[in-house]
Amino acid sequence: MTPRYDLHTHTWFSDGTLSPTELVERAAAAGVNVLALTDHDDTSGLAEAARAAAHCGIELVPGVEVSATWEKTTIHIVGLGFNPDAPALSAGLAELRTAREERAREMARRLEKHGVKNPYEGAWGLAHGAIISRTHFARYLSGQGFGNTMGAVFKHFLRRGKPGYVPGRWVSMEEAVGWIRTAGGVAVIAHPARYELSRSKLLRLFREFRDCGGTAAEVVSGSHGPADTETMARYVRESGLAASVGSDYHGPENPWRELGRLPPLPDDLLPVWQHPDWPERRPPADETKL
Ligand code: AMP
Ligand code: MN
Ligand code: MN
Ligand code: MN
């Protein structure tokens, strides 16, 4: 049986709602055999996830989803299979968390002017001490009666041009790929259809990503419909990237995006886990002492 891969998921260490143990158990129960935990700009959940995976008999790939900028567009770069203790990567992620903290303070100032009470404390109260994101503000605003759904709160308050929107001070695409590669991992463009780029610009993104050391792009994604998958399949063929697969699962509140339900990759594409850049499985720490 071919293993079932899901290489993009979140826990409450970023903006997901499950603990690493709950996420891993749910993925294993849903038939996922190889799971990457890819929290935004933070790797604190990986140790617990690795313990849970060993317990459930599935493989945990260390991951992270890095917030980056390419030509004024915020893009997300998934890093997979790296050493989380590598200094350039961990220092870079720490800087991104500082930028998030500063952005959150500015978002809170603006939201207060729009009549939201205690937005900073409210949003941090829904986080788990690792990172703060727009998702935490959205959950708080929704709880305060500023919108019935997360989508509505994003649309009216948190998207570009809306009262609570503050652009992030993210890292360049080249630097993010550099951190991941020097930490021994592979870099993957997350959910490419989400960036609303023209087709020619998207192809240029894929080529520049490959030229700076990137390995793959997500072709099958929880945020892609069938037409997006076809488009991204064409662009990985044209750009020479490998293909990745990830649900972008954030928790059971979004039942339309459940674990273990992703379609297979188109047959002719090279899966990222078969690419020569894909890291060898590192033995757990205690095995290396033998
Ligand atoms: P940030 O990285 O702080 O800008 O927050 C981005 C996160 O917000 C993404 O990773 C998504 O999980 C979430 N998000 C963005 N747009 C929406 C939306 N329309 N509805 C729900 N969640 C969203
Ligand atoms: Mn998210
Ligand atoms: Mn993302
Ligand atoms: Mn994600």
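- Although no hydrogens or angles enter the test, the distance criterion places a donor-acceptor pair under 3.5 Å between the side chain of Ser19 and the main chain of Glu22.
- Side-chain contact between Met173 and Leu205 is present, with at least one heavy-atom pair separated by less than 4.5 Å.
- No donor-acceptor contact under 3.5 angstrom links the side chains of Ser14 and Asp42, judged on distance only.
- With hydrophobic clusters built from ILVMFWY side chains whose heavy atoms lie under 4.5 angstrom apart, Ile131 does not share a cluster with Val78.
- If you chain together hydrophobic residues whose side chains sit under 4.5 Å apart, Leu80 and Val220 fall into the same group.
- Cluster annotation: Leu270 and Leu241 are assigned to distinct hydrophobic clusters (Ile/Leu/Val/Met/Phe/Trp/Tyr, side-chain heavy-atom contacts under 4.5 Å, transitive).
- In this structure, the side chain of Glu25 does not engage the main chain of Cys56 through any donor-acceptor pair within 3.5 Å.
- Considering all non-hydrogen atoms of both residues, Val219 and Pro266 come closest at CG1-CD, 4.3 Å.
- Atom CG of Leu203 and atom OG1 of Thr231 lie 12.0 Å apart (nearest 0.5 Å).
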* Quick one: do Ser223 and Ser221 satisfy side chain to side chain donor-acceptor pair (under 3.5 Å)? Show the steps, please. => CA-CA 5 Å; Ser223 10; Ser221 159; 3.3 Å; yes

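- For CD of Glu230, the number of neighbouring non-hydrogen atoms (other residues, nucleotides, ligands) closer than 6.0 Å is 12 at most.
- Annotation: side chain of Arg134 is in contact with side chain of Met107 (closest heavy-atom distance under 4.5 Å).
- Taking CG from Leu37 and CD from Glu48, the interatomic distance works out to 9.5 Å, rounded to the nearest 0.5 Å.
- Note that OG1 of Thr74 and OH of Tyr195 are 9.0 Å apart. Values are rounded to the nearest 0.5 Å.
- The nearest pair of heavy atoms linking His76 to Ser67 is CD2-CA, 4.1 Å.
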* Verdict with reasoning, Thr69 to Ile75, per side-chain contact (heavy atoms from CB on, under 4.5 Å) -> CA-CA 6 Å; Thr69 305; Ile75 64 167; over 6 Å; no

* side-chain contact (heavy atoms from CB on, under 4.5 Å) evaluation trace for Thr38 with Val61 -> CA-CA 9 Å; Thr38 57; Val61 176; over 6 Å; no

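- Formation of a donor-acceptor pair under 3.5 Å by the His191 side chain with backbone atoms of Ala193 is not found in this model.
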* Apply side-chain contact (heavy atoms from CB on, under 4.5 Å) to Ile58 and Val24, showing your working. => CA-CA 8 Å; Ile58 70 170; Val24 168; 4.0 Å; yes

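- In this structure Ser142 satisfies the side chain to side chain donor-acceptor pair (under 3.5 Å) test with no other residue, sequence neighbours excluded.
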* Asked: Is there a side-chain contact (heavy atoms from CB on, under 4.5 Å) between Val34 and Trp273 once you walk through the steps?
  -> CA-CA 10 Å; Val34 183; Trp273 55 89; over 6 Å; no

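- Using modelled atom types, no side-chain atom of Asp41 and backbone atom of Leu93 make a donor-acceptor pair closer than 3.5 Å.
- We find the CG-CE distance between Leu265 and Met232 to be 14.0 Å, quoted to the nearest 0.5 Å.
- Side chains of Tyr5 and Asn33 form no contact here, defined as non-hydrogen atoms less than 4.5 Å apart.
- With hydrogens and angles ignored, the 3.5 Å screen pairs no side-chain donor or acceptor of Asp15 with any backbone N or O of Thr135.
- Counting heavy atoms from C-beta on, the side chains of Pro255 and Glu258 never come closer than 4.5 Å.
- The side chain to side chain donor-acceptor pair (under 3.5 Å) analysis of residues 234-248, with sequence neighbours excluded, yields the pairs Asp6-Ser247, His8-Asp248, His10-Asp248, Arg237-Asp268.
- Residue Trp124 comes nearest to Glu101 through the heavy atom pair CZ2-OE1, 3.2 Å, listed as atom of the first residue, atom of the second, then distance.
- Its side chain within the 4.5 Å cluster rule, Trp12 clusters with Phe13 among the Ile, Leu, Val, Met, Phe, Trp and Tyr residues.
- Note on residues 207-228: pairs passing salt bridge (charged side-chain N to carboxylate O under 4.0 Å, His left out), not counting sequence neighbours, are Arg204-Glu208.
- The hydrophobic clustering, which links ILVMFWY residues whose side-chain heavy atoms are closer than 4.5 Å, places Trp278 and Val245 together.
- Listed by chain and number, the residues in a side chain to side chain donor-acceptor pair (under 3.5 Å) with Thr9 amount to none (sequence neighbours excluded).
- For the pair Leu35/Leu23, a side-chain contact is recorded, criterion being any heavy-atom separation below 4.5 Å from C-beta on.
- Within the 3.5 Å criterion, the main-chain N or O of Ile132 finds a donor-acceptor partner in the side chain of Arg100.
- With rounding to the nearest 0.5 angstrom, the CZ atom of Phe137 is 10.0 Å from the CG atom of Leu126.
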* To do: Would you please test Glu112 and Arg109 for salt bridge (charged side-chain N to carboxylate O under 4.0 Å, His left out) and show each step?
  => CA-CA 5 Å; Glu112 264 182 311; Arg109 270 192 288 275; over 6 Å; no

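- Phe209 has its side chain within reach of Ile77: a pair of non-hydrogen atoms, C-beta onward, lies under 4.5 Å apart.
- Within 6.0 Å of the CD atom in Glu253, the count of heavy atoms belonging to other residues, nucleotides or ligands exceeds 12.
- The pair Arg110-Glu106 counts as a salt bridge, with a side-chain nitrogen and a carboxylate oxygen less than 4.0 angstrom apart.
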Only pairs under 3.5 Å count here: list side-chain donor-acceptor contacts from residues 149-171, not counting sequence neighbours, and write none if there are none.
from	atom 1	to	atom 2	distance (Å)
Thr149	OG1	Ala152	N	3.0
Arg169	NH2	Glu102	OE1	2.5

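- Side-chain atoms of Tyr249 and Arg257 form no donor-acceptor pair, as typed in the model, at a separation below 3.5 Å.
- A distance of 13.5 Å separates OG1 of Thr98 from CZ of Arg103, quoted to the nearest 0.5 Å.
- When all heavy atoms of Pro252 and Leu18 are compared, the pair lying nearest together is CD-CD2, 3.7 Å.
- Side-chain N or O atoms of Asn254 include none that pairs as donor or acceptor with a backbone N or O of Trp256 at under 3.5 Å.
- A 4.5 Å side-chain heavy-atom check between Pro279 and Val186 finds at least one atom pair inside the cut-off.
- Judged purely by atom type and a 3.5 angstrom limit, Arg181 uses its side chain to pair as donor or acceptor with the backbone of Gly185.
- Few gaps surround CD on Glu121; more than 12 heavy atoms of other groups in view lie less than 6.0 Å from it.
- Val236 and Ala217 get closest at one heavy-atom pair: CG1-CB, 3.9 Å.
- Annotation for Gly16 and Arg139: closest pair O-NH1, 4.2 Å, computed over non-hydrogen atoms.
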